[in-house]
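As structure tokens, the structure follows; a few thoughts come after it.
We number each residue from 1, following the sequence as shown.
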Amino acid sequence: MQYEALQEAIKNAMRAKDKNRLSILRQVLGEVKNIEVNERREITEADVDAMLKRLVKQTSETLDGSIKAGNDAERTAMLKEQIAILEEYLPRQISGDELTALIEKTIADLGAETKRDMGKVMGALTAATGGNFDKAAAAKEVGSRLA
């Protein structure tokens, strides 16, 4: 997500009076500005993607804790909505048949034959997709294809 797109999404949330979306988008904007100020550099798409993934993970952990603590349904619903909003801005995750085909191609291109080559295959998959795939599923698939 680009900075301008984020600002436009915030304006749209303000117009729609969507408080939950506005809150989460402002949180993202704050994280973006923190990175730019603390590291004194322009933020990249990869930085934003990594930050969004981290926020999804943190919110998911908060949701799990909220459910275990028996918090009210309203808070749980709000956290689920926040996760859904954050996931809207994440790049599409490669999965299923598309991931299987990419794994087969990568194994063939690298000439990988044994489980020792698994790191090379996973590294090539990450480089090819920018890390936008289910790593656990990919590792399982790669492991099953290598001797």
Side-chain angles (χ1 to χ4, degrees), residues 1-16 18-36 38-39 41-68 73-147:
M1 163 184 265
Q2 294 184 354
Y3 187 72
E4 295 82 24
L6 179 59
Q7 288 181 317
E8 190 62 33
I10 289 173
K11 287 178 189 176
N12 291 337
M14 290 170 111
R15 287 182 193 120
D18 186 347
K19 291 180 182 179
N20 202 18
R21 180 176 295 273
L22 181 60
S23 172
I24 198 75
L25 291 175
R26 282 184 173 160
Q27 180 182 358
V28 171
L29 181 62
E31 293 280 335
V32 166
K33 289 187 179 198
N34 280 341
I35 291 172
E36 289 178 336
N38 292 339
E39 298 181 16
R41 65 178 176 87
E42 289 276 328
I43 195 164
T44 65
E45 289 291 318
D47 292 331
V48 175
D49 291 346
M51 180 194 49
L52 287 170
K53 287 176 186 175
R54 184 174 35 82
L55 287 173
V56 167
K57 182 179 179 187
Q58 287 174 348
T59 308
S60 295
E61 289 170 356
T62 303
L63 174 63
D64 291 343
S66 179
I67 291 170
K68 287 179 183 173
E74 185 178 320
R75 175 158 171 73
T76 303
M78 181 189 71
L79 290 170
K80 287 179 181 177
E81 183 181 350
Q82 286 180 349
I83 292 169
I85 291 167
L86 288 169
E87 287 176 341
E88 287 176 23
Y89 297 101
L90 283 171
R92 183 182 68 81
Q93 296 287 309
I94 298 170
S95 62
D97 294 337
E98 187 179 3
L99 181 59
T100 301
L102 186 59
I103 288 170
E104 289 173 358
K105 180 183 180 308
T106 304
I107 289 173
D109 289 349
L110 295 175
E113 295 177 356
T114 66
K115 295 214 187 249
R116 287 186 200 163
D117 298 325
M118 189 168 180
K120 292 178 194 174
V121 173
M122 293 299 289
L125 284 171
T126 301
T129 63
N132 294 322
F133 64 97
D134 182 353
K135 288 161 187 63
K140 185 176 178 182
E141 182 76 23
V142 170
S144 70
R145 294 183 182 276
L146 299 176

Can you measure from [atom1] ([X]) to [atom2] ([Y]) and round to the nearest 0.5 angstrom?
X    : Y    : atom1 : atom2 : answer
M122 : E141 : CE    : CD    : 11.0 Å
E36  : E42  : CD    : CD    : 5.5 Å
I24  : Y89  : CD1   : OH    : 10.5 Å
T59  : K80  : OG1   : NZ    : 14.0 Å
D117 : I107 : CG    : CD1   : 9.0 Å
L63  : K68  : CG    : NZ    : 10.5 Å

Subject >> Any donor-acceptor N/O pair, D47 side chain to T44 backbone, under 3.5 Å >> reply: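 Looks like yes, one N/O pair under 3.5 Å.
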
**OP:** Determine yes or no for a side-chain-to-main-chain donor-acceptor pair under 3.5 angstrom, with S66 supplying the side chain and T62 the backbone.
**Re:**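 No.
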
**OP:** Going by the side chain to side chain donor-acceptor pair (under 3.5 Å) test, name the single residue among Q82, E81, E88 that passes it with R21.
**Re:**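 Per the side chain to side chain donor-acceptor pair (under 3.5 Å) rule, the option paired with R21 is E88, out of Q82, E81, E88.
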
Ignoring hydrogens, what is the shortest heavy-atom contact between [X] and [Y]? Give both atom names and the distance.
X    : Y    : value
I83  : S60  : CD1-OG, 3.5 Å
V28  : L86  : CG2-CD2, 3.7 Å
T114 : L146 : O-CD1, 3.3 Å

**OP:** Please assess I94 against L125 for the test side-chain contact (heavy atoms from CB on, under 4.5 Å), listing each intermediate value before the final yes or no.
**Re:** CA-CA 11 Å; I94 298 170; L125 284 171; over 6 Å; no

Would you say [atom1] of [X] has more than 12 non-hydrogen atoms from neighbouring residues, nucleotides or ligands within 6.0 angstrom?
X    : atom1 : answer
E113 : CD    : no
D97  : CG    : no
R116 : CZ    : no
K135 : NZ    : yes

Original post:
When K57 is tested against each of K53, R54, E61 for side chain to side chain contact (heavy atoms under 4.5 Å, CB included), which residue passes?
Top reply: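 So the option named by the test is E61.
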
**OP:** Side-chain contact test, heavy atoms from C-beta onward, threshold under 4.5 Å: evaluate it for L22 versus M14 and give yes or no.
**Re:**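 Yes. Closest side-chain heavy atoms under 4.5 Å.
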
**OP:** Determine, step by step, whether K19 and M78 satisfy the side-chain contact (heavy atoms from CB on, under 4.5 Å) criterion, reporting the C-alpha distance in whole Å, the side-chain angles of both residues, the deciding distance to 0.1 Å, and the verdict.
**Re:** CA-CA 11 Å; K19 291 180 182 179; M78 181 189 71; over 6 Å; no

Subject >> side-chain contact (heavy atoms from CB on, under 4.5 Å) between K33 and I43, worked out >> reply: CA-CA 9 Å; K33 289 187 179 198; I43 195 164; over 6 Å; no

**OP:** Could you walk me through whether D134 and Q93 pass side-chain hydrogen bond (donor to acceptor under 3.5 Å, both in side chains), step by step?
**Re:** CA-CA 7 Å; D134 182 353; Q93 296 287 309; over 6 Å; no

**OP:** Test side-chain contact (heavy atoms from CB on, under 4.5 Å) on L102 and T129 and set out the steps.
**Re:** CA-CA 9 Å; L102 186 59; T129 63; 3.3 Å; yes

